[in-house]
Amino acid sequence: MKIEKNYNAKDTEKKIFSLWKKTGYFNPDNLPKNHKENFCIIMPPANANDPMHIGHAVGATLQDIMIRYNRMNGKKTLWLPGSDHAGFETQVVYEKKLEKQGRSRFQMTREQFYKEVWDYTQKNRKTVKKQLESMGISADWSRDTFTLDPHVIKTTYQTFKKMADEGLIYRGSRLVNFCTKHKTAFSDLEIEKLEKTDPLYYMKYGPITLATVRPETQFGDTAIAVHPEDKRYKKYIGKKLKFNTILGEKELMIIADKFVEPEFGTGAVKITPAHDFNDFEMWERHKKEMPEPIKTIDEDGKMTNVAGPYKGMKIDEARAKIVQEMLNKGFIDKIDSNYTHSVSVCYKCKKTIEPLIKSQWFIKTKPIAKPAIDALKNGEVEIIPKSYSKVYFHWLKNIRDWNISRQNWWGIAIPAWQCLDCGHWTITTGSTPKKCEKCDSKNIQRDPDVFDTWFSSGQWPFAVFKKKDFKTFYPTSVMETGYDILFFWVIRMMMLSLYVTKKPPFKKIYLHGLVRDKDRQKMSKSKGNVIDPMEITEKYGTDALRLALIIGNMPGKDVVISEEKIKGYRNFVNKIWNVFRFILINTEDYKPGKIILTKEDKQILKNFEKKSLSITKKIDNFKFSQAAEEIYHYTWHEFADKIIEKSKPVLEDKKTRKSRQYVLIEVMKGITILLHPFAPFVTEKIYQNLPIKKKSSLMIESWPK
RNA sequence: GAGUCCAUAGCUCAGGGGUAGAGCGUUCGGUUCACAUCCGAAAGGUCGAUGGUUCAAAUCCAUCUGGACUCACCA
C-alpha cells in the first residue's frame with residue numbers, strides 16, 4: 001500500500017464510511033452475538049427546518065463517542081436518529097420563506113400550507129441526514145423516525161386521552177401568553193422578559209389615585225385593589241366607588257388583597273383580569289366581589305368595542321390618545337417617566353406578549369412533576385453535571401399548569417371535538433367521533449388547534465419505539481442534549497415518560513453547553529460568526545472537527561471553537577498518520593509468531609496498559625474532554641516523541657528489532673482503539689492497514705479491560 | 001427580587017489540603033531522519049479580594065468584588 005505523507009481526510013472518510021455501512025453494525029440487530037447488554041441513546045431529533053449547524057455537531061459527536069465506546073465494550077448498542085417537525089419553529093421559518101416570495105399562509109388553505117411544509121421538512125431531513133453521516137456518526141438510520149410518523153402521533157393521542165380521562169388535562173378559559181403577530185398562545189417557557197422603561201401614569205379614579213403603565217386597559221377594570229391594612233384606603237374596602245372616566249361614569253368595587261404593596265405607586269391597583277396575570281389571579285381569589293373579566297384587547301392587538309371611540313385602534317395608538325384625553329380632562333395626576341419594569345415578549349419576534357383569556361387545553365403539572373422530582377432525588381436518574389440538579393428541582397417545584405394548545409397549522413392536530421349543542425368535548429385517540437359522547441348530537445366541531453410541539457416531543461423516549469424495540473431498549477441509557485432545553489424538553493420527557501411508562505426514560509442526562517466563538521460570543525447567522533461544520537470537515541477533516549469540539553468541552557459549560565483550534569487537531573490527526581507511517585515502513589519484514597519481549601518493551605506495554613485504564617476510567621465518568629486530551633498527549637508526546645524516537649536504534653539491532661516491532665504495532669493498535677470514539681475515521685483507516693489480526697471494523701474491536 | 005455557575009499562564013480550560021498543569025499563542029534554535037500539518041529549548045501565574053478552619057489552603061468555610069446564565073405575579 002502506498003501511504004501519503006499527509007493524511008488525506010476527504011478521500012479516506014468517504015471510503016471508511018461506506019465500509020462501516022457495509023458492516024451493518026450501526027444496527028444493533030447486526031452486531032455479533034456476543035453483544036448482549038443493551039445500550040441506547042435516542043438522538044435529540046433535529047429540527048427539520050434547517051440544515052445542520054455546529055451545535056448539532058457537538059451533540060452528535062458526544063453521542064457518537066458514547067455509542068462507539070459502548071459498542072466496543074460489547075454492548076448491543078442502538079443510536080436512534082430522528083427529526084422533529086418542530087411545530088411553531090418550522091411554521092415561523094416557512095412563513096418567512098413565504099413572505100420573501102410575497103406569499104402568506106392566510107392566502108392558502110390549511111391543507112395546502114401543511115403539504116408545502118411537509119415537503120419542505122422532508123427535503124431538510126435528507127440534507128441533515130447526509131450532514132450527520134459526514135460527521136461520522138454511527139446511528140441506525142433504518143430506525144430513523146419523524147415526530148409526525150403515524151406511531152408517534154398515535155402515542156401522543158393515547159397519552160392525551162389517558163390524561164384527559166384521568167383528570168390531568170382540562171379545558172380552561174384562562175389567561176394565556178398570546179403573540180399578536182404569530183396569532184398563537186404560548187406556554188410560560190416560550191416567552192422572554194425584557195427590561196423596559198415606560199411612563200407610569202397616576203390616574204385619578206375619583207378619590208383614589210393609582211399607578212399604571214397600561215391606561216388603555218381601564219375599560220376592562222373590574223375592581224380596585226388595596227392592601228387590607230392600608231390606613232389610607234381602609235374606609236373604602238368592600239364599598240363600591242363611583243367616579244368619572246373619559247368614557248363617562250364608572251363604578252368599581254374596592255377589594256382588599258395582600259398582594260398589593262402599599263409602598264408601590266399609591267398603594268392602589270386597578271384590576272384588569274382579562275389582560276394581566278396578577279389581576280386574573282386576583283379575580284380568581286375575589287370572584288364573589290367582582291364581575292366577569294372584560295376583554296379590552298383582541299387577538300390582533302386592537303381595542304375591542306368596550307373602548308368606545310378607541311375601538312379598532314392598536315394598543316400604542318390607543319394609549320397615546322387615551323392619555324391625551326385624560327390629561328385634557330384632568331384625570332392624570334402625574335407621570336413618572338423613569339419607571340423600568342420587565343415586559344414579556346414573544347421569544348421569536350420580541351413583540352410584547354398580550355395576556356388574553358382563551359379557551360385552551362391545560363395540563364395539571366403538579367401531579368406529574370412529583371415523580372420527576374423523586375426520580376432524580378432517589379438517584380434513578382442522574383444529571384451531568386450535578387449542579388443542574390438544583391435548577392431541575394427548583395423549576396419543578398415552582399411549575400405551573402401547562403398550556404398545550406397552539407393556534408398553528410403545522411403540528412399534531414388535537415383530537416378533541418366540541419358539541420355545538422351541549423358544549424361537551426369528546427376526546428378520542430385520533431379517530432373522528434360520529435357524535436357527541438354526552439348528548440349524542442351529531443353537531444360537533446373539531447378543535448382547530450395543534451399541540452405544543454413539546455407535548456409530543458416530551459413523549460419521544462417511548463413514542464419513538466416500535467413495540468419490540470421498546471421492550472429491548474426502554475428505558476434508554478443516556479440523554480445527551482444542550483442545557484438550554486432542560487426545561488423545554490428534558491424535564492417534560494421525565495414527567496410524561498414517568499406518567500405513561502412508570503419508568504424514567506433514561507438513566508443519565510448529559511448536558512452540553514453552547515458553542516461560542518473565540519471572543520466568547522454566541523454563534524449566530526446575524527453576527528456572521530458561525531462556523532459551518534460542513535465547510536470545516538471539507539477543509540480539515542471530520543476527525544479534527546470532532547476533537548476540537550470535544551477537547552475543552554466540559555458538561556454544562558459553553559465551549560469555545562475557533563478555526564485555529566480545529567487546525568491544531570488537524571495537525572494531531574496528521575501526526576498519528578505519520579506515526580502509523582513510520583511503523584508501517586519499519587515493519588515491512590515483520591512476521592507474527594513467537595516473540596520474546598525485551599525488558600524495555602514489556603515496560604512500554606505495561607505503561608500503555610496503565611494509560612488505557614486511566615483513559616477508560618475518564619470515559620466511564622463522562623470526562624470526554626480529559627480522556628481525549630490524555631490520548632492526545634500520550635500519542636504525541638510519549639509514543640511519538642519518546643518511544644518512537646528511541647526505537648530508531650532499537651530497530652537497527654537485529655536482537656531487539658522484532659520485539660520492538662511487535663510493541664510498536666500493539667501500542668499503535670491500542671491507540672486506534674482508544675481514540676476511535678473520538679476520531680473514528682483515521683483510526684479505522686490505520687487499523688485496517690496494520691499488520692495485525694483484525695475484525696471487519698474497528699467499531700467492534702474490543703475495548704481493553 | 002431569588003437562584004445557579006464561574007474567577008488558575010497572553011487565550012481556552014483541567015486540577016484540587018502538602019515543589020503550580022495541558023493545549024493554543026509567544027521567543028530562540030533546528031529540514032539528508034515518519035511528520036515543517038515537524039523537532040528541540042525557553043519565557044510566562046503571590047490560582048479575583050479579605051477573613052476563618054488547619055501543622056499546612058490555589059484547593060475547605062464565610063464575606064466581598066467582578067462576570068455569565070436561569071427563574072420571578074410588584075401594578
Open item on the list: Mind checking if A:Met282 touches a base, just sugar-phosphate, or nothing, with heavy atoms under 4.0 Å?
Closed with: nothing

Open item on the list: Regarding A:Val573, tell me which of base, sugar-phosphate or nothing describes its non-hydrogen contacts under 4.0 Å with the strands shown.
Closed with: nothing

Open item on the list: What's the separation between atom CG in A:Asp279 and atom CG in A:Asp257, rounded to the nearest 0.5 Å?
Closed with: 10.0 Å

TODO: Using the C1' atom on both, measure B:G3 against B:G21 and round to a whole Å.
DONE: 33 Å

Open item on the list: For A:Phe331 together with A:Tyr205, are the ring centres under 6.0 Å from each other?
Closed with: no

Task: Candidate list A:Ile271, A:Ile254, A:Val260, A:Val269, test side chain to side chain contact (heavy atoms under 4.5 Å, CB included), partner A:Ile224, passing option - done: A:Ile254

Task: Per A:Arg570 side chain, nearest of listed nucleotides B:U37, B:C39, B:C73 - done: B:U37

- [ ] Starting at CG of A:Leu175, measure out to OG1 of A:Thr272 and round the result to the nearest 0.5 Å.
- [x] 10.5 Å

Task: Heavy-atom closest pair, residues A:Ser344 and A:Lys193 - done: OG-NZ, 3.6 Å

Task: Minimum-distance nucleotide (side-chain atoms of A:Gln626 versus B:A14, B:U37, B:A34) - done: B:A14

List, with names and distances, any nitrogen or oxygen atoms from the protein found under 3.5 Å away from nitrogen or oxygen atoms belonging to nucleotides 21-29 of chain B.
residue : atom : partner  : partner atom : Å
B:A22   : O2'  : A:Glu629 : OE2          : 3.3
B:G23   : OP1  : A:His637 : NE2          : 3.3
B:G23   : O3'  : A:Tyr632 : OH           : 3.3

TODO: Could you check which of B:C71, B:C13, B:A72 has an atom nearest any side-chain atom of A:His394?
DONE: B:C71

TODO: Under 4.0 Å between any heavy atoms, over every strand shown, what does A:Glu645 touch: base, sugar-phosphate, or nothing? Just pick one.
DONE: base

TODO: Measure up the A:Phe219 and A:Tyr310 rings against each other and bin them: parallel (under 30°), tilted (30 to 60°), perpendicular (over 60°).
DONE: parallel

Open item on the list: Students often get this wrong, so: under 4.0 angstrom with heavy atoms, is A:Ala640 touching a base, only sugar-phosphate, or nothing?
Closed with: base

- [ ] Determine the contact category for A:Phe264: base if any of its heavy atoms lies under 4.0 Å from a base atom, sugar-phosphate if only primed atoms, P, OP1 or OP2 are that close, otherwise nothing.
- [x] base

- [ ] Look at the aromatic rings of A:Trp636 and A:Phe572 and report parallel, tilted or perpendicular, splitting at 30° and 60°.
- [x] parallel

- [ ] Can you tell me, in whole Å, how much space there is between the C1' of B:G44 and that of B:U8?
- [x] 13 Å

TODO: Please tell me which of the listed nucleotides, B:A34, B:C71, B:G40, lies nearest to the side chain of A:Asp641?
DONE: B:G40

TODO: Fill in the dot-bracket string of RNA chain B, one character per base: . for unpaired, | for a pair to another strand, ( ) or [ ] for pairs within the strand, taking Watson-Crick or G-U pairs under 3.5 Å.
DONE: (((((((..((((....[..)))).(((((.......))))).....(((((..]....))))))))))))....

- [ ] Would you check if there is a donor-acceptor pair between the side chains of A:Arg660 and A:Ser647 at a distance under 3.5 Å?
- [x] yes

Task: Heavy-atom closest contact (A:Phe624 atom, A:Tyr510 atom, distance) - done: CE1-CE1, 3.8 Å

Open item on the list: Taking only side-chain N and O atoms of A:Arg400, does any of them lie within less than 4.0 angstrom of OP1 or OP2 on B:C73?
Closed with: yes

Open item on the list: Check the orientation of A:Trp395 and A:Phe487. Use parallel for under 30°, tilted for 30 to 60°, and perpendicular for over 60°.
Closed with: parallel

Give me, pair by pair, the N or O atoms of the protein and of nucleotides 5-9 of chain B that are less than 3.5 Å apart, along with how far apart they are.
none

- [ ] Look at the side chain of A:Arg520 and decide which nucleotide, out of B:C13, B:A34, B:C71, has an atom nearest to it.
- [x] B:C13

Task: Given B:G15, B:C35, B:A34, the nucleotide with the shortest approach to the side chain of A:Lys623 - done: B:G15

Open item on the list: Within this structure, what is the CZ-OH distance for the pair A:Phe678 and A:Tyr632, rounded to the nearest 0.5 Å?
Closed with: 14.5 Å

TODO: Ignoring backbone atoms, test whether A:Asn571 places a side-chain nitrogen or oxygen under 4.0 Å from the OP1 or OP2 oxygen of B:C38.
DONE: yes

- [ ] May I ask you to say what A:Val560 touches in the nucleic acid, namely base, sugar-phosphate or nothing, with a heavy-atom cut-off under 4.0 Å?
- [x] sugar-phosphate

